[in-house]
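Take a look at the structure below.
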Amino acid sequence: MVSEQSGKETAFRKQVRDWLKTNLPKGWGTPEYHAPERQTEAAQALGEKWTKTCYDAGYAGFGYPKEYGGIVRPDWEIRIIREEFTLCGTPPGPMSQGLLMAGPTILRWGQEWQKKRFLPKILNGEESWCQGFSEPDAGSDLANVRTAAVRDGDDWVVNGQKVWTSNWMFADFGLLVVKTDPAAKRHRNLSYFIFDCTSPGFSRRPLKQMSGESEFGEMFFDNVRIPHKNLLGELNMGWYVALTGLAAERSGGFAVGGRSTARRGWGNMESIVELAKETKHYGKAVWDDPLFRQRIAQFAIQGEAMRANGALQGAMARQGKKIDPNEVSVSKNFSAELRQHSDDMVMEILGAYSQMVEGSPLAVNGGDWVYGMLRWRGATIERGTSEINRNIIAEKILGLPREARGND
Amino acid sequence: MVSEQSGKETAFRKQVRDWLKTNLPKGWGTPEYHAPERQTEAAQALGEKWTKTCYDAGYAGFGYPKEYGGIVRPDWEIRIIREEFTLCGTPPGPMSQGLLMAGPTILRWGQEWQKKRFLPKILNGEESWCQGFSEPDAGSDLANVRTAAVRDGDDWVVNGQKVWTSNWMFADFGLLVVKTDPAAKRHRNLSYFIFDCTSPGFSRRPLKQMSGESEFGEMFFDNVRIPHKNLLGELNMGWYVALTGLAAERSGGFAVGGRSTARRGWGNMESIVELAKETKHYGKAVWDDPLFRQRIAQFAIQGEAMRANGALQGAMARQGKKIDPNEVSVSKNFSAELRQHSDDMVMEILGAYSQMVEGSPLAVNGGDWVYGMLRWRGATIERGTSEINRNIIAEKILGLPREARGND
Amino acid sequence: MMEYGINEEQEMLKTMARDFLAKECPKTFTRAMMNDQTGITKDYWKKMADVGWTGLILPEQYGGANMTFRDLSILCEEMGRMVMPGPFVSTLVMSALPILNAGTEAQKQEFLPRIANGQMIMTAAVTETDGDFWPGGVNMQAYPRGEDYILTGAKSFVPDAMAADWFLVACRTKTSADPEEGITLCLVNKDDWGIYVNPLKTMDETRKQYQVTFNRIAVPAKYILGEVNKGWRYLKDAALRATALHCAEMVGGGEWVLETCVEYAKTRVQFGAPIGSFQAVKHHLANMYTQLEYARALMVWAAESVKENDPQADLAVNMAKAYCGDTFKMVAGLGIQIHGGIGFTWDHDMHLYFKRSRALDTVFGDANYHRELIAQHYD
Amino acid sequence: MMEYGINEEQEMLKTMARDFLAKECPKTFTRAMMNDQTGITKDYWKKMADVGWTGLILPEQYGGANMTFRDLSILCEEMGRMVMPGPFVSTLVMSALPILNAGTEAQKQEFLPRIANGQMIMTAAVTETDGDFWPGGVNMQAYPRGEDYILTGAKSFVPDAMAADWFLVACRTKTSADPEEGITLCLVNKDDWGIYVNPLKTMDETRKQYQVTFNRIAVPAKYILGEVNKGWRYLKDAALRATALHCAEMVGGGEWVLETCVEYAKTRVQFGAPIGSFQAVKHHLANMYTQLEYARALMVWAAESVKENDPQADLAVNMAKAYCGDTFKMVAGLGIQIHGGIGFTWDHDMHLYFKRSRALDTVFGDANYHRELIAQHYD
């Protein structure tokens with residue numbers, strides 16, 4: 001798979017590898033190192049530190065112009081950096097919507113001052129972001145947004161509630177979709193703002209999920225003032241701005257692959273095989289049961305299919321072919337459903353142990369398998385339900401006619 | 001399962017059993033007897049003869065009043081007759097739409113003369129029926145019917161084409177849905193007639209299916225005259241009449257069960273197990289592979305689920321509870337999808353032999369497994385597609401709102 | 001004779017059960033029990049006893065209501081509908097039935113009336129660290145000492161152990177080629193010195209599990225249940241019945257999910273229309289309805305077969321457990337999907353059913369296990 | 001270096017192939033071949049040779065075009081798109097490659113140029129009555145007699161035997177514990193006295209199969225291919241490549257089905273709207289698109305791995321075959337479902353793809369077989 005490379009490439013690869021050896025958290029990648037999987041402060045701190053370390057070394061911040069803090073390198077270097085990072089399974093970044101949503105959106109729609117002010121600190125991990133899109137009545141359909149902003153001098157005064165906010169607890173800034181013209185039609189009545197999480201009148205609280213964790217939160221706006229200059233894109237055209245972020249978010253799927261996670265866990269084929277070898281049912285190892293061999297093999301196939309598809313799209317992009325931006329709906333659905341299927345399979349492997357959660361002395365892998373299964377029931381809902389994504393694939397990629405709808 | 005029964009019941013059961021022993025075709029039920037599975041003249045003749053034999057002996061014709069040829073017996077006798085017939089796997093009837101569609105529709109909507117004239121010969125198998133509903137542009141949606149009838153004195157003059165006609169080759173009479181009021185709205189523009197297949201201007205031809213057989217045919221109406229008295233139900237209200245027949249047809253699902261087919265074949269759990277035991281892949285018997293054991297067991301479960309559900313609904317009906325007529329959509333979908341899944345499984349068991357069809361010296365079971373797989377790809381299309389049936393279940397049984405549609 | 005329908009008395013039982021549970025077992029109660037280490041209150045148990053449920057299928061001479069197993073399954077369907085917490089099946093089926101079938105008259109007199117009148121809660125401690133309910137998994141030894149047996153060891157995944165007053169413990173008293181041979185049942189008082197009950201935090205918090213450690217517990221001869229070394233068949237028979245009841249709970253739970261989803265789909269508006277008008281949601285619901293219908297039919301067949309001691313009862317229960325387990329998991333999963341974000345929150349009740357579906361699927365063998373047993377019928 | 005994309009030359013090859021096949025291999029031709037016992041015409045074969053396809057991956061010194069395996073897979077994708085009939089893979093991959101890899105220079109000179117220029121059609125006769133392509137299935141014996149070997153026995157499921165001029169026959173020349181050991185490859189002229197070719201009527205009539213009987217056929221030493229007893233590895237290697245090409249055919253076939261369905265869904269009106277506006281149809285099509293996309297990625301990976309002789313090539317082909325097989329079957333099945341009645345008729349082309357999906361799934365092991373091989377990678 002690895003073929004003759006120029007000496008230059010080989011040397012650079014070694015340089016990256018050496019840097020990783022020196023800079024990765026001590027013990028990282030060994031079974032002894034228990035990386036924080038849930039949204040704890042420790043995980044956040046680790047992510048922020050790692051992002052900054054990489055950025056300072058010139059191993060992050062790609063894809064942005066230099067004047068906004070971007071790091072510019074030849075494509076072949078970036079490719080090698082990414083390959084090496086993937087190979088050794090580096091820590092995840094902080095739980096910020098900064099790189100995932102805010103960065104792409106500000107780069108595409110932002111005013112010059114916004115790009116200068118916000119992008120560098122997104123790239124180096126210094127400032128953390130969240131977004132406020134969903135509301136109790138606006139899940140899949142942004143048209144139902146009720147949170148409203150009224151102009152008052154140089155400010156907009158915002159009132160309303162947002163739900164399903166990722167990184168609600170650590171965010172310094174947020175992206176916000178609000179209704180700015182109650183009289184206008186769908187897609188012409190929303191605006192898109194940047195807001196400061198320290199603004200008076202802004203409050204947040206956890207939203208407890210079925211997993212027992214509160215990865216998501218709710219945000220409340222009680223006469224929160226947002227300066228007009230914080231508007232992103234044109235007034236009342238926020239629906240179109242939001243699309244950029246949603247597409248970017250959808251594309252930030254799960255990392256699957258043979259060696260991409262640091263410890264035993266979902267995306268790691270080896271750890272599932274190991275579990276199946278270690279687990280016996282009715283006195284027989286699960287791994288010896290052709291039923292599970294087939295299912296685990298199918299998981300391996302689908303994981304490699306994701307990797308291969310990424311490589312294929314990457315190659316096409318390098319050859320200058322345009323990838324349909326709606327392709328993110330394809331990979332989002334595929335990875336979300338794969339995740340749920342493999343979680344279900346792992347639960348069957350665990351048998352009675354699938355009931356043991358964190359805190360039980362019998363919990364396997366600290367309860368992470370079970371926690372993950374519960375957490376990722378949301379995978380087919382968040383960032384666009386599977387059903388919405390199928391509609392997008394059918395309508396936007398395949399060009400099928402839209403269905404007759406009540407409004408629009 | 002069989003409990004204390006009255007002596008009367010035991011005696012009657014013996015009487016039915018003895019009669020079956022005497023009257024079943026010679027060799028029936030033994031592996032040597034190769035029943036005609038496809039729509040041949042021999043199969044038709046066997047079916048007609050068997051129907052008449054049963055009817056003459058008082059073992060058929062239930063559910064119709066005596067004056068229309070019905071045979072009236074106490075419920076417990078009918079139950080025992082059906083149980084004994086099922087237990088020994090009797091031959092199928094002729095390929096007529098008579099008992100399946102024409103009988104229920106005429107009984108429900110027919111004029112007195114129609115009931116007297118047609119029902120007795122439907123019940124004794126003497127006259128064979130077909131139906132003309134579908135057209136090239138009217139598959140799932142009867143509103144697209146283009147075959148039209150124009151009134152001319154005491155007759156209606158019919159022109160047009162019907163497709164997907166079962167029993168097109170043997171029918172003496174047919175049921176016909178035609179447009180009688182081009183100006184009227186949906187559901188108010190169709191009428192329902194009985195027509196004579198010997199009428200001048202009527203012609204038919206086979207419609208070859210992917211299986212290579214022509215179980216279905218096309219019918220052409222070239223100024224065919226149908227007397228007005230052959231109208232079934234009210235003029236222009238044929239859509240509602242058609243519903244009776246469609247529901248009756250949908251309910252005529254597949255017979256599944258442990259012992260309900262006479263020879264090796266689909267619904268017969270034993271024959272699938274036998275096939276799996278006889279077939280080796282890479283030197284190992286398929287039946288020893290847990291993967292296939294699981295799938296065959298799942299087939300057994302679903303077959304028993306159908307039987308148990310029939311028993312449950314039967315019990316509820318006996319207790320005077322009303323069964324939603326739309327339940328036929330549930331059992332139709334379930335049996336059609338079960339059929340296709342089990343066919344797919346059998347193809348995997350057959351491996352290379354799944355390519356061997358009738359005429360190949362290597363064909364297994366005379367090629368019937370493979371023929372059946374091809375034939376029943378239509379199971380999820382004919383008599384209402386699975387998608388249409390899911391809509392019916394959701395809207396009619398669960399009461400969900402209809403979707404926004406282009407017309408209606 | 002096998003009867004698939006529901007007769008008038010059973011209709012009444014069903015209505016009564018639904019009313020009782022609506023009043024006494026609302027989700028507020030269930031959620032309180034989730035946070036309670038014992039998982040049930042004496043008060044609730046007393047109320048169930050007062051309406052005759054705790055002795056429903058026990059003979060009248062032991063204070064029971066002498067009703068049929070099918071009646072019991074109708075009750076369990078309603079309990080499943082409300083994800084009722086507590087040791088109902090542990091007590092009445094896994095403990096009382098072995099005592100009824102294997103016990104001496106003295107044992108029956110001591111235990112059954114107290115179970116029937118709600119004074120005594122019991123559970124069976126069978127499974128060990130492999131997590132599977134099977135004779136090969138019973139390795140905790142009981143050593144004879146004079147007339148007594150001495151138990152030392154641990155049981156895992158024991159349901160309802162904190163609520164129980166007595167345990168029915170399966171111990172190994174002989175090693176033999178056939179693992180069913182050599183298992184002896186002991187009745188043990190939870191308050192005995194040397195018994196430790198440790199809670200195991202479970203995903204489905206409505207179904208408590210514990211690790212129970214036995215440190216040199218003496219069991220006198222009068223608390224040995226049935227013949228020494230021959231205990232497994234009573235447990236096996238009880239487990240068959242308990243499995244059939246879990247099928248009823250799963251069907252009941254699935255019905256709640258479906259009804260709740262249908263209601264939500266009719267009222268939740270997105271894109272200007274109720275989501276139930278979209279085919280994707282419709283077809284999910286139609287699939288849920290369809291599978292539940294067949295699951296119910298198999299469950300009824302299983303319950304009737306067990307009631308009638310039909311020779312095919314094992315097969316019927318295998319089939320029902322595999323199909324009801326798959327169905328409830330599928331239905332509950334779609335229940336969350338159809339509700340979207342709200343169905344994923346802790347405050348919505350959907351996750352209680354989702355977790356229950358996962359818990360019941362593993363109890364007494366999952367669908368794969370039961371399908372393999374079905375295949376063995378055809379070997 | 002492994003390259004997932006398509007370069008400019010490959011784009012040209014693809015376009016040329018599509019144009020050629022549209023003109024020379026319309027469905028009328030394919031349907032005529034279905035009714036033909038040979039399954040191909042000399043005329044069509046000559047045309048393919050004229051554009052260089054029959055020797056595409058053979059070295060130039062044997063008259064080949066010396067193109068890569070990835071180029072060949074691009075061609076096969078187009079052939080699959082048109083359900084092209086005929087012995088293309090049988091000749092160029094299953095026969096020419098073993099000759100190239102194991103043959104003497106004399107053998108190469110005798111066979112390869114004639115294959116490349118389209119004068120010779122070949123097929124490999126390997127599988128016997130168990131229907132599986134594996135060394136344990138090769139039991140037809142070849143007995144030494146002086147310098148010759150004498151073949152007697154039969155081969156089943158031999159593809160394209162009527163069209164072939166020569167056979168590459170796998171024979172057992174030694175029994176040993178490892179079934180791969182003891183298989184010898186013989187080159188046999190179909191016209192030899194004592195060879196009987198009987199057609200086996202197949203479901204997919206575009207892919208002909210035959211039973212070939214060998215009655216005391218003498219194979220002179222010069223037609224023994226490679227070392228005696230060591231023949232299997234050449235067949236195994238050829239089969240790996242043929243399997244990768246079948247993946248390309250499956251992806252190509254799936255693409256035709258999807259495009260045809262999308263077109264139909266846009267134009268077929270029922271209930272007053274194009275059926276493609278209904279979510280049920282939309283979601284079927286979205287699922288087809290999604291699975292095909294990943295099938296294509298695996299197929300490209302497999303083809304590149306084979307081209308590069310990557311150590312993981314076996315795994316890549318196992319994965320691609322399992323996934324492409326499942327995908328094409330699913331896609332073709334939905335192709336019929338979406339078309340409704342018309343898709344179920346003989347006259348519509350959909351069933352050609354449906355049947356092809358079934359045929360290719362069984363060739364060189366079905367998805368279950370390949371998944372088991374994948375699992376063995378992790379044993």
Side-chain angles (χ1 to χ4, degrees), chain B residues 1-5 269-270 272-274 276-277 287-288 290 292-321 327 329-331 333-334 337-338 386-387 389-395 397-404, chain C residues 1-8 258-259 261-262 265-266 272-279 281-291 293-302 304-305 308 310-313 315-316 318-320 322-323 326 367-368 370-379:
Chain B
M1 212 168 306
V2 180
S3 61
E4 293 71 40
Q5 287 176 318
M269 179 66 189
E270 276 83 11
I272 291 182
V273 171
E274 197 185 324
K277 286 179 179 173
W287 179 247
D288 292 336
F292 281 96
R293 291 172 72 82
Q294 289 280 325
R295 289 168 66 182
I296 295 171
Q298 185 69 11
F299 172 72
I301 293 170
Q302 289 169 294
E304 287 298 329
M306 286 177 64
R307 186 201 51 71
N309 200 37
L312 182 57
Q313 294 193 346
M316 286 166 65
R318 279 196 296 282
Q319 287 164 358
K321 279 170 200 145
E327 279 292 327
S329 290
V330 177
S331 52
N333 267 15
F334 190 83
E337 289 167 10
L338 173 58
S386 293
E387 289 79 12
N389 279 311
R390 287 200 175 86
N391 282 348
I392 291 172
I393 296 165
E395 294 174 9
I397 299 181
L398 298 177
L400 291 161
R402 300 191 61 184
E403 66 207 304
Chain C
M1 144 124 204
M2 206 171 298
E3 178 51 78
Y4 281 86
I6 292 188
N7 63 34
E8 262 178 58
L258 178 61
E259 286 169 27
C261 286
V262 167
K266 284 178 183 169
I275 60 168
S277 70
F278 299 123
Q279 279 190 352
V281 173
K282 264 187 195 155
H283 290 195
H284 281 329
L285 291 167
N287 292 340
M288 292 157 76
Y289 178 85
T290 300
Q291 269 201 233
E293 174 161 324
Y294 290 94
R296 187 183 305 105
L298 287 168
M299 176 273 280
V300 172
W301 176 40
E304 278 290 328
S305 300
E308 296 291 324
D310 188 276
Q312 286 207 293
L315 182 65
N318 294 150
M319 288 184 165
Y323 199 79
D326 282 349
N368 302 323
H370 286 276
R371 276 191 291 262
E372 170 55 29
L373 294 182
I374 294 163
Q376 289 174 15
H377 280 268
Y378 292 91
D379 270 341

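No experiment lies behind these values; they were computed from the predicted model shown. Chain A is the first sequence line, chain B the second, and so forth, proteins listed ahead of strands; every chain is numbered from 1.
- Rounding to the nearest 0.5 Å gives a distance of 12.0 Å between CZ of Arg390(B) and CG of Leu285(C).
- Glu327(B) is linked by a side-chain contact (heavy atoms from CB on, under 4.5 Å) to Gln313(B), Ile323(B), Asp324(B), Val330(B), Ile397(B), Tyr289(C), Glu293(C), counting only residues two or more places apart in sequence or in another chain.
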Open item on the list: Using side chain to side chain contact (heavy atoms under 4.5 Å, CB included), reason through Arg293(B) and Asp379(C) one step at a time and then give a plain yes or no.
Closed with: CA-CA 10 Å; Arg293(B) 291 172 72 82; Asp379(C) 270 341; 2.8 Å; yes

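- Closest of all the heavy-atom pairs between Gly5(C) and Ala315(B) is N-CB, 3.4 Å.
- Here the closest heavy-atom approach between residue Ala297(B) and residue Ala375(C) is recorded as CB-N, 4.3 Å.
- To the nearest 0.5 Å, atom OG1 of residue Thr290(C) and atom CG of residue Asn333(B) are 6.5 Å apart.
- The two atoms that bring Ile6(C) and Lys321(B) nearest to each other are O-NZ, 3.2 Å, heavy atoms only.
- From Met269(B), atom CE reaches atom CD1 of Ile374(C) across 8.5 Å, with rounding to the nearest 0.5 Å.
- Chosen from Lys277(B), Arg295(B), Met316(B), the residue pairing most often with chain C at heavy-atom distances under 4.5 Å is Lys277(B).
- Under the 3.5 Å distance criterion, the side-chain polar atoms of Glu304(B) are left unmatched by any main-chain donor or acceptor of Leu298(C).
- Distance alone, capped at 3.5 Å, places no donor-acceptor pair between the Lys282(C) side chain and the Ile392(B) backbone.
- Between Trp287(B) and Tyr378(C), the ring planes lie perpendicular to each other; the angle is over 60°, past the 30° to 60° tilted range.
- Looking at every heavy atom in both residues, Trp301(C) comes nearest to Ala308(B) through CB-CB, 4.2 Å.
- Using a 4.5 Å cut-off between heavy atoms, Leu398(B) touches chain C through backbone and side chain atoms alike.
- Taken from CG in Leu400(B) to CD1 in Ile275(C), the straight-line distance is 9.5 Å, to the nearest 0.5 Å.
- If you measure heavy-atom distances from Gln376(C) to chain B, the contacts under 4.5 Å come from both the backbone and the side chain.
- In this structure, chain B has no heavy atom under 4.5 Å from any part of Leu315(C).
- A search for side-chain contact (heavy atoms from CB on, under 4.5 Å) contacts involving Ala322(C) returns Ile301(B), Ala367(C), His370(C), Arg371(C), not counting sequence neighbours.
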